[in-house]
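These values consider heavy atoms only, across backbone and side chains, with no hydrogens, waters or symmetry-generated copies.
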Amino acid sequence: MERGKMREIKKTWKKKYKPLKLFKDDLEAIVNIAKEYEQSDVEKWQKKIEITAENYQLDNISELEKIKKEVISYFGLNVGFSSLRLQLSKYSLSLEVGDDNDILLIGIATKIDSILQKRQRRFNFVFTYGGRLILCYLIVLLCGVLASVFFILKIYYLLLICIIAAIYIVAKAEDVPSQCLTIIMSHSAETPNFFKRNKDKILVNTIVAIIVSFLSVLGTLLFQWITKNP
């Protein structure tokens, strides 16, 4: 019985990314780069490009206009029947080519990679589940320190507030979602920066923080005055 010929196993080229923030023009640029495959001399049946955004299969990247959302959290791209695969979701961010000897697809993947590298968030750790969990427990630790100070100063009602806040944070810590991907459905030049986008929330939160701080100080002084003047 004749044995089959020995064949070399294909090696996969793969990249993973830290949390990303993308814009509509980034998706358009990525698909336009992938379109280079249609100009290659591979067989016509191999040139298929599949685009997925949120829960929709798109025939063309221009159909993004039909998705009536300001932000989406899934984008997928398959080139040449998954020979190149881009998978971007809230939980996983990866780009891979099935054969690292495929010069054409590796070239396309490298260009896509350069776009994604630039869109990685600077403080990416806080956008992961582990990062937010650590932040939650740091807040709990801070509450514990404040509670100790309040106990020493005999400000018992503030001690009670800190204990309740700490219990609430611990209970909610596991519910904090990871957010590896944010895709804003407008062009980067049209999108206001963080402060412009959230100026109303920032103003309201600042006013509330000032009022709460004022009432806390006032309450502390009043409590101390009452205890000193029975």
Side-chain angles (χ1 to χ4, degrees), residues 12-39 47-98 100 102 104-133 135 176-202:
T12 302
W13 179 97
K14 188 169 184 177
K15 284 284 187 76
K16 289 190 175 182
Y17 300 93
K18 296 172 183 177
L20 294 168
K21 180 181 180 181
L22 299 172
F23 297 88
K24 187 177 177 182
D25 40 323
D26 295 318
L27 303 187
E28 292 169 346
I30 287 170
V31 172
N32 287 334
I33 291 169
K35 292 283 186 180
E36 293 177 14
Y37 198 64
E38 294 181 339
Q39 309 303 319
K47 295 182 179 181
K48 187 174 182 180
I49 295 176
E50 294 182 349
I51 307 166
T52 308
E54 205 68 349
N55 299 317
Y56 301 92
Q57 188 83 37
L58 310 184
D59 293 323
N60 194 289
I61 193 62
S62 62
E63 291 184 336
L64 283 174
E65 299 287 349
K66 297 179 181 179
I67 301 177
K68 302 301 181 182
K69 291 185 177 181
E70 293 183 2
V71 177
I72 63 173
S73 55
Y74 180 82
F75 181 78
L77 180 68
N78 288 332
V79 180
F81 284 94
S82 298
S83 297
L84 180 151
R85 181 178 175 83
L86 174 64
Q87 188 89 3
L88 303 178
S89 73
K90 291 191 293 185
Y91 311 106
S92 177
L93 306 166
S94 65
L95 172 64
E96 65 179 85
V97 176
D100 65 355
D102 190 325
L104 175 60
L105 284 179
I106 291 295
I108 291 172
T110 301
K111 292 178 182 179
I112 294 174
D113 175 62
S114 67
I115 293 175
L116 299 178
Q117 292 283 356
K118 293 175 184 177
R119 290 303 189 186
Q120 292 183 118
R121 290 182 181 270
R122 292 181 181 177
F123 305 103
N124 55 74
F125 184 64
V126 298
F127 295 96
T128 64
Y129 173 76
R132 292 189 178 187
L133 196 61
L135 287 176
V176 175
S178 58
Q179 186 70 27
C180 288
L181 177 69
T182 300
I183 301 175
I184 298 173
M185 296 295 283
S186 57
H187 291 89
S188 55
E190 302 169 353
T191 306
N193 62 36
F194 174 82
F195 293 104
K196 289 182 179 178
R197 194 168 61 250
N198 297 281
K199 62 181 181 181
D200 293 335
K201 291 181 181 178
I202 292 171

Interatomic distance, R85 atom CZ to S94 atom OG [nearest 0.5 angstrom] | 7.5 Å
Side chain to side chain contact (heavy atoms under 4.5 Å, CB included) filter on Y56, not counting sequence neighbours, yields E54, L58, I67
Does any non-hydrogen side-chain atom of R121 lie less than 4.5 Å from one of K18?
-> no
CD1 (I106) and CH2 (W13) are apart, to the nearest 0.5 Å, by 6.0 Å
Looking at CG of L95 and OG1 of T110, how far apart are the two atoms once the value is rounded to the nearest 0.5 Å?
-> 8.5 Å
Can you tell if the side chain of L88 reaches within under 4.5 Å of the side chain of L22, non-hydrogen atoms only?
-> yes
From CZ (F75) to CG (L64), nearest 0.5 Å | 7.0 Å
Taking only residues two or more places apart in sequence, or in another chain, which ones meet N55 in a side-chain hydrogen bond (donor to acceptor under 3.5 Å, both in side chains)?
-> none
What pairs with E38 under side-chain hydrogen bond (donor to acceptor under 3.5 Å, both in side chains), at least two apart in sequence or on another chain?
-> none
Gap between atom CD1 of I30 and atom CD1 of I112 - 0.5 Å precision = 6.0 Å
Heavy-atom count around K111 NZ within 6.0 Å, excluding the residue itself: above 12?
-> no
Tell me, please, which residues at least two apart from K14 pass side-chain hydrogen bond (donor to acceptor under 3.5 Å, both in side chains).
-> none
Let me know which of N78, L77, I61 forms a side chain to side chain contact (heavy atoms under 4.5 Å, CB included) with I49.
-> L77
Can you list the steps and then say if T52 with Y74 is a side-chain contact (heavy atoms from CB on, under 4.5 Å)?
-> CA-CA 8 Å; T52 308; Y74 180 82; 3.7 Å; yes
Which value, rounded to the nearest 0.5 Å, describes the distance between L27 atom CG and H187 atom NE2?
-> 9.5 Å
Could I get the full list of side-chain hydrogen bond (donor to acceptor under 3.5 Å, both in side chains) partners for E63, not counting sequence neighbours?
-> none
Could I get the full list of salt bridge (charged side-chain N to carboxylate O under 4.0 Å, His left out) partners for D26, not counting sequence neighbours?
-> R119
Go through the side-chain N and O atoms of D113 and Q117 and say whether any donor and acceptor fall under 3.5 Å apart.
-> yes
Of K21, K24, K69, the one forming a side chain to side chain contact (heavy atoms under 4.5 Å, CB included) with I184 is K21
